[in-house]
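Worksheet: one structure, shown below.
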Amino acid sequence: MLPLVPVPSSVRPTGGAPFVVTPGTAVEAPPGAESAAAVVAAALGGAAGFVVPARRAGPPDEAGRRPARGVGPLVVLVLDPTLPVDGDPGRLRETYTLAADEAGVCLAARTPEGLHRAAATLSQLLTTDGTSVVIPPVQIEDVPRYTWRGLSVDVARHFLPVADLEAIVDLLAGYKLNVLHLHLTDDQGWRLDLPSRPELAARSSAGGVDGDPGGAYSAADWSRLVAHAAARGVAVVPEIDVPGHVNAALHAVPALNPDGVAPDVYEGVAVGFSSLRSDLPETVPFLTDVFGDLAAMTPGEHLHLGGDEAHHTPPDEYVRLVGAAVAAVRATGRTVVGWQEVAAAPLPPGTVVQLWDTRADTAPVVAAARAGARVLMSPADHVYLDMQYAAGHALGQDWAGYVELRDAYAWEPAATVPGLDPAAVVGVEAAIWTETLRTRDEVMSMLLPRLAAVAEVAWSSSADWEQFRERVAPHAAAWDRDGLAWHASPQVDWRR
Ligand code: ACM
């Protein structure tokens, strides 16, 4: 069994000799596929210990898309808009095929994103025959189950520098996850410097929970992160959380407070005590500015406006304020994303409602979907990866229960909300909240191995826990090689 996670739709070992990576191996790719070619070349070269060049492909040969036998040890990337694999248009974007034999390796997809998914598979196929790095002879056809496969990272409670987020992006891409959602603002900090509102990061980013050091991303940091993600086929979805979770904003902008008096910075971990006010003249300009800046700084389709746990906002006021935030996002031309509480407000069709709290009444989410919303599945009891693995775990919380590896794997996104049309589910997103997590290693040890399980739930159309346990076991060696902290869940016989 090949150790592929997430498991592809179809894997056919074809027999014969493997492809051997040699000092003559090169990667060839057409215009538009340079970033995937760079990822493939780096993976091959990193494993083999010598430089594998990536170069532009010449015109396709008449025999088809496979490299002709005997032309040399090539890995060829192909952009093929007719790729004949079933699926709806959204899923076809990331569909790919991979064929490897002694003569060559061919990765084909309709889009550069699809080639990035193929590159992730290729990286997991690299193995050694004792002397050389080899790729086993195989034919793979693969199509994702869901188009949105993400991870939400809270950089507000504890700040993570760009280099840490880049390492997380690399991990996401390696498991075919395609969204990095960043929770950029909360009561404890404002983590993105916005050109129209420099006072937000200037006044409200110095610290974090327990007075730990804070930080904020400059515009240059943000561009670097977004570019790093784009070069791996990962979209960044930024979140500014309103109308609750806003103490950092209230601290930085006195006019957002009814008495004009800014509250102190907040270093605790309570939720639900802060709120915007719809009756203040500063509120709508604030929303317009911050979402306008966010859109200008971030390519992509989606902006996340938060909306969760606004316990200090009366229900009618909540609807007004979410309405104002929705209007500010729509004015940028982007699609709104919000945590499940936003289902209480009128939402434009196509809004993505992110389910997280399965303890709450989910009827409003079902109603929002009937009115045209899509639902992103982040049930806390399965994919909140800041939950402890088991009682007594040194890091994390337990309010949603313990989440062992099998809990992150064995759940069904389409059955999570009773009465929800399965066709309304746009995808699956894990989340990691950082009240208790301070460093890259602490975050990684909560992500791994569970993120691999969530990735398979999001990508693969079939689930088999016993098989997953075996396929994921050798990934520990890759995490060690890449210097990633991980938790040795007792549910797997890890191979290092
Ligand atoms: C959340 O966990 N408050 C979205």
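In this text, all values refer to a predicted model and were calculated from it rather than measured experimentally.
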What heavy-atom pair brings [X] and [Y] nearest, and what distance separates the two atoms?
| X | Y | answer |
| --- | --- | --- |
| T416 | P418 | O-CD, 3.7 Å |
| I140 | P8 | CG2-CB, 3.8 Å |
| G306 | V342 | O-CG1, 3.8 Å |
| D142 | V7 | OD1-O, 4.5 Å |
| V236 | T298 | O-CG2, 3.7 Å |

(request) Kindly indicate, with the supporting measurements, whether the criterion side-chain hydrogen bond (donor to acceptor under 3.5 Å, both in side chains) is fulfilled by R406 and Q491. (result) CA-CA 8 Å; R406 188 172 185 161; Q491 297 182 329; over 6 Å; no

(message) For a salt bridge (Lys or Arg N to Asp or Glu O under 4.0 Å) check, start with the C-alpha distance between D381 and R359, then their side-chain angles and the critical distance, and finish with the verdict.
(response) CA-CA 10 Å; D381 50 347; R359 305 162 304 183; over 6 Å; no

For the residue pair [Y] / [X], report whether a side-chain donor-acceptor contact shorter than 3.5 Å exists.
| X | Y | answer |
| --- | --- | --- |
| W339 | E239 | yes |
| D241 | H304 | no |
| Q188 | E267 | no |
| T131 | D129 | yes |
| H158 | E435 | no |
| S378 | Q354 | yes |

Any Lys/Arg nitrogen of [X] or [Y] sitting under 4.0 Å from an Asp/Glu carboxylate oxygen of the other?
| X | Y | answer |
| --- | --- | --- |
| D210 | R438 | yes |
| R471 | E456 | yes |
| D493 | R469 | yes |
| E141 | R117 | no |
| K176 | E94 | no |

(request) Apply side chain to side chain contact (heavy atoms under 4.5 Å, CB included) to T185 and L192, showing your working. (result) CA-CA 8 Å; T185 70; L192 180 61; over 6 Å; no

(message) Check this for me: R93, atom CZ, are more than 12 non-hydrogen atoms of other residues, nucleotides or ligands nearer than 6.0 Å?
(response)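 No.
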
(message) Under the rule for ring pair (Phe, Tyr, Trp, His ring centres under 6.0 Å), what residues qualify as partners of W411, not counting sequence neighbours?
(response)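 Per chain and number, W411 pairs via ring pair (Phe, Tyr, Trp, His ring centres under 6.0 Å) with H382.
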
(message) For a salt bridge (Lys or Arg N to Asp or Glu O under 4.0 Å) check, start with the C-alpha distance between R157 and D186, then their side-chain angles and the critical distance, and finish with the verdict.
(response) CA-CA 7 Å; R157 272 51 175 269; D186 212 302; 3.3 Å; yes

(request) Applying side chain to side chain contact (heavy atoms under 4.5 Å, CB included), run through L44 and I135 and close with a yes or a no. (result) CA-CA 10 Å; L44 295 171; I135 298 169; 4.2 Å; yes

(message) So, applying side chain to side chain donor-acceptor pair (under 3.5 Å) with S35, which one of H116, E113, R232 is it?
(response)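 Single pass found, and it is H116.
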
Ring-plane angle category for [X] and [Y], please: parallel below 30°, perpendicular beyond 60°, tilted otherwise.
| X | Y | value |
| --- | --- | --- |
| Y96 | W459 | tilted |
| H183 | W433 | perpendicular |
| Y384 | W399 | perpendicular |

(message) Given 3.5 Å as the limit, does a donor-acceptor pair link the side chain of E166 with the main chain of D164, or not?
(response)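 Not at all, since once roles are kept as given, no pair shorter than 3.5 Å links the two residues.
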
(request) Report yes or no: does R334 contribute a side-chain atom to a donor-acceptor pair with the main-chain N or O of G300 at less than 3.5 Å? (result)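 Between the backbone of G300 and the side chain of R334 there is a qualifying donor-acceptor contact (under 3.5 Å).
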
(message) Checking D464 now: which residues fulfil salt bridge (Lys or Arg N to Asp or Glu O under 4.0 Å) with it, not counting sequence neighbours?
(response)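 Scan of D464 (salt bridge (Lys or Arg N to Asp or Glu O under 4.0 Å), adjacent residues dropped) gives none.
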
Is it the case that the ring center of [Y] lies less than 6.0 angstrom away from the ring center of [X]?
| X | Y | answer |
| --- | --- | --- |
| H302 | H181 | no |
| W486 | H475 | no |
| W494 | W479 | yes |

(message) Working note: L180 + L172, criterion side chain to side chain contact (heavy atoms under 4.5 Å, CB included); need CA distance, chi angles, decisive distance, verdict.
(response) CA-CA 8 Å; L180 174 66; L172 298 184; 3.9 Å; yes

(message) Whether R191 engages the ring of F159 as a cation-pi pair (distance to the six-membered ring centre under 6.0 angstrom, angle to the ring normal within 45°) should be assessed.
(response)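 Judged by the rule, R191 and F159 form no cation-pi pair.
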
(request) Rounded to the nearest 0.5 Å, what's the gap from CG on D386 to CD on Q397? Could you check? (result)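 Between atom CG of D386 and atom CD of Q397 there are 5.5 Å.
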
(request) With rounding to the nearest 0.5 Å, note down the distance linking CE in M446 to CG in D441. (result)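 One gets 13.5 Å once the value is rounded to the nearest 0.5 Å.
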
